[in-house]
Amino acid sequence: MNDTPSQPESWPRVLLTGAQMLFVAFGALVLVPLLTGLDPSVALFTAGIGTLLFHTVTRLTVPVFLASSFAFIAPIQGSIANFGVSATLGGLMVAGLVYVAISMAVRVKGTGWLHRLLPPVVVGPVIMVIGLALAPVAVEMATGETSDNIGYGAALFLSMASLLVTLILAVFGRGLLRLIPIMGGIVVGYCLALLMGLVDFTPVQDAGWLSIPAFTAPSFHWAAILFMIPVAIAPAVEHIGDMVAIGSVTRRNYLEKPGLHRTLLGDGLATTAAALFGGPPNTTYSEVTGAVTLTRAFNPRYMVVAAVLAISLAFIAKLGALLQTIPGPVMGGIMTLLFGSIAVVGMNTLVRAGHSLTAPRNLVVVSLILVFGIGGMQVGGGQFTLQGVSLAALVGIVLNWLLPDEPQDEPDHAH
């Protein structure tokens with residue numbers, strides 16, 4: 001239990017590590033509003049507010065950062081097209097309250113039923129899917145497919161240089177350098193991009209210094225609310241996976257302490273608060289879990305620093321614009337490592353449980369979770385489409401529930 005140092009850490013270290021956590025989350029945090037037509041500055045503000053709410057509810061125990069949820073990208077796009085931005089935000093507020101309802105159920109019923117529902121043979125591969133399903137996103141960013149003005153060769157050079165610096169600092173860095181491998185990678189990649197003339201400063205020149213983010217108020221319409229509620233079930237399952245993932249990194253059981261009811265409540269309140277101001281729903285960030293794995297920065301105070309920085313940045317328009325000038329390939333190179341390290345956490349969950357994975361029952365459960373989750377399988381249509389992590393988790397839960405347990409009297413299989 002002595003992972004978190006008991007002596008107070010130096011402020012520069014806490015500030016630097018917190019800033020790095022925000023850096024890691026920043027690309028995805030801003031990408032969601034850019035893709036869905038919401039405001040990136042509002043998303044920064046609501047990510048900060050949501051993270052602070054989460055840490056208030058969970059009493060500073062879990063090292064996570066909450067920001068824009070990818071699970072909601074397609075539903076938000078669909079909902080805005082049909083019902084408009086304001087009604088969509090109303091639907092998202094109610095989706096947050098669904099989390100709150102689930103957290104109440106957990107509080108009344110305890111987590112025993114959840115352990116039966118989500119044993120390592122389900123949770124491990126689902127965590128792997130969280131990382132690997134995002135792998136194509138990282139590769140597209142790294143090879144310049146998401147950048148209009150960067151060709152394949154230049155993109156590959158930038159992404160691999162950023163990745164290499166991050167790897168060297170993570171493996172060989174000492175002292176403070178070991179805490180900032182990701183920031184190191186971003187800075188070196190950015191400098192190289194500057195030398196190659198690939199950074200466009202127009203948005204920075206156009207932006208003012210200080211501005212209040214364009215907050216939008218929600219309005220409530222049944223159609224938009226009913227459209228969003230089913231979407232909330234998937235991230236709730238994903239949330240449990242994320243809690244187990246970060247728990248297996250820090251060697252703690254967050255489902256017991258602070259308790260899943262608290263983490264779910266924090267997540268739900270963060271999403272509801274975000275929608276109140278016009279931001280996308282919040283979720284615990286896998287990228288940040290990857291960064292925590294890499295830097296072993298287990299102190300939740302780093303996340304509070306990241307949250308306060310995010311709120312401050314929301315009001316400094318020039319800084320927000322400057323961060324958006326970081327070329328996609330620079331972030332892409334680093335994402336390849338971070339998403340991979342989440343998959344490794346999932347693998348570790350399976351290995352530590354010590355089950356034989358070639359036993360027919362386990363083989364079926366793990367195989368189908370991985371292929372359905374990573375292969376892009378879709379079930380249903382329109383607004384009730386299940387795919388990715390949510391589908392993988394559901395398939396795993398159902399199979400684990402239906403298939404009979406393996407006989408326990410053959411221990412030689414486990415070796």
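FYI, side chains are in, hydrogens and waters are out, and symmetry mates aren't considered; it's all heavy atoms of this structure. The structure displayed is predicted, hence computed values, not measured ones.
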K.L.:
With rounding to the nearest 0.5 Å, note down the distance linking OG1 in T336 to CG in L167.
P.N.:
8.0 Å
K.L.:
Does any N or O in the side chain of T61 come within less than 3.5 Å of the main-chain N or O of Y254, such that one atom is a donor and the other an acceptor?
P.N.:
no
K.L.:
Keeping T271 on the side-chain end and N282 on the backbone end, is there a donor-acceptor pair under 3.5 Å?
P.N.:
yes
K.L.:
Do the side chains of T143 and S159 get nearer than 4.5 Å, heavy atoms only?
P.N.:
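No, too far: nothing below the 4.5 Å cut-off.
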K.L.:
Between I225 and F220, does the side chain to side chain contact (heavy atoms under 4.5 Å, CB included) criterion hold? Intermediate values first, please.
P.N.:
CA-CA 7 Å; I225 289 170; F220 299 96; 4.2 Å; yes
K.L.:
Hey, what do you get for CZ (R352) to OG (S248), rounding to the nearest 0.5 Å?
P.N.:
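The distance works out to 6.0 Å.
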K.L.:
Taking the side chain as every heavy atom from C-beta outward, state whether T283 and L66 have any atom pair closer than 4.5 Å.
P.N.:
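No, side chains not in contact.
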K.L.:
Donor-acceptor check, side chain of S41 to backbone of P213, threshold 3.5 angstrom: yes or no?
P.N.:
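Checking the backbone N and O of P213 against the side chain of S41, no donor-acceptor pair under 3.5 Å is found.
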K.L.:
Quick check for you: to the nearest 0.5 Å, what is the distance between M93 atom CE and L276 atom CG?
P.N.:
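Reported to 0.5 Å precision, the distance equals 5.0 Å.
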K.L.:
Less than 4.5 Å apart, any side-chain heavy atom of V288 and any of V64?
P.N.:
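Not touching, per the 4.5 Å side-chain cut-off.
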K.L.:
Does the side chain of L53 reach to within under 4.5 Å of the side chain of V57, using non-hydrogen atoms?
P.N.:
no
K.L.:
State yes or no: are the ring centers of F215 and F45 separated by less than 6.0 Å?
P.N.:
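Yes - the distance between ring centres of F215 and F45 falls below the 6.0 Å cut-off.
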K.L.:
Check whether T88 reaches the backbone of I76 with its side chain - one donor and one acceptor, N or O, closer than 3.5 Å.
P.N.:
no
K.L.:
M104 and L265: side chain to side chain contact (heavy atoms under 4.5 Å, CB included), yes or no, with the steps?
P.N.:
CA-CA 8 Å; M104 296 303 161; L265 177 65; 4.3 Å; yes
K.L.:
Do you know the tightest heavy-atom contact between P218 and G90?
P.N.:
CB-N, 3.6 Å
K.L.:
Consider only side-chain N and O atoms of T263 and H239, and report whether a donor and an acceptor are under 3.5 Å apart.
P.N.:
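Yes, side-chain donor-acceptor contact under 3.5 Å.
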K.L.:
Mind checking what makes side chain to side chain donor-acceptor pair (under 3.5 Å) contact with N348, not counting sequence neighbours?
P.N.:
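With neighbours one apart ignored, the set is empty.
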K.L.:
Would you indicate whether the side-chain heavy atoms of L370 and V129 approach each other to under 4.5 Å?
P.N.:
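Yes, their side chains come closer than 4.5 Å.
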K.L.:
Test of understanding: with side-chain contact (heavy atoms from CB on, under 4.5 Å), list the residues that count as partners of W11, not counting sequence neighbours.
P.N.:
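Partners of W11 under the side-chain contact (heavy atoms from CB on, under 4.5 Å) test: V14, L15.
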K.L.:
So, K318 side chain and V204 main chain: donor-acceptor pair closer than 3.5 Å or not?
P.N.:
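Yes, because the side chain of K318 sits within donor-acceptor range (under 3.5 Å) of the backbone of V204.
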K.L.:
Is any side-chain heavy atom of P63 closer than 4.5 Å to a side-chain heavy atom of T250?
P.N.:
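Yes, close enough: below the 4.5 Å cut-off.
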K.L.:
By side-chain contact (heavy atoms from CB on, under 4.5 Å), which residues pair with V85, not counting sequence neighbours?
P.N.:
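V85 satisfies side-chain contact (heavy atoms from CB on, under 4.5 Å) with L38, I80, L89, T216 only.
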K.L.:
Can a donor-acceptor pair be found between the side chains of Y190 and T325 at a distance below 3.5 Å?
P.N.:
yes
K.L.:
Without swapping roles, check the side chain of N362 against the backbone of S356 for a donor-acceptor pair under 3.5 Å.
P.N.:
yes
K.L.:
Out of curiosity, M303 CE to H55 NE2, how far, rounded to the nearest 0.5 Å?
P.N.:
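That separation rounds to 6.5 Å.
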K.L.:
Hey, are the side chains of I311 and L52 touching, using non-hydrogen atoms and a 4.5 Å cut-off?
P.N.:
yes
K.L.:
Evaluate side chain to side chain contact (heavy atoms under 4.5 Å, CB included) for V304 paired with L60, printing each intermediate quantity in order.
P.N.:
CA-CA 9 Å; V304 174; L60 271 182; 3.5 Å; yes
K.L.:
Please give me the minimum heavy-atom distance between M21 and A297, naming the atom from each residue.
P.N.:
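Minimum heavy-atom separation between M21 and A297: CE-CB, 3.8 Å.
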K.L.:
Run the side chain to side chain contact (heavy atoms under 4.5 Å, CB included) test on Q20 and Y302 for me, step by step, so that the C-alpha distance in whole Å, both residues' side-chain angles and the decisive distance to 0.1 Å come before the verdict.
P.N.:
CA-CA 9 Å; Q20 174 174 257; Y302 298 140; over 6 Å; no
K.L.:
Working to the nearest 0.5 Å, report the span between CG of D267 and OG of S103.
P.N.:
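Answer for the CG-OG pair, D267 versus S103, is 10.0 Å.
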K.L.:
Looking at side-chain heavy atoms only, is the closest gap between L194 and F201 below 4.5 Å?
P.N.:
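Yes; the side chains approach each other to less than 4.5 Å.
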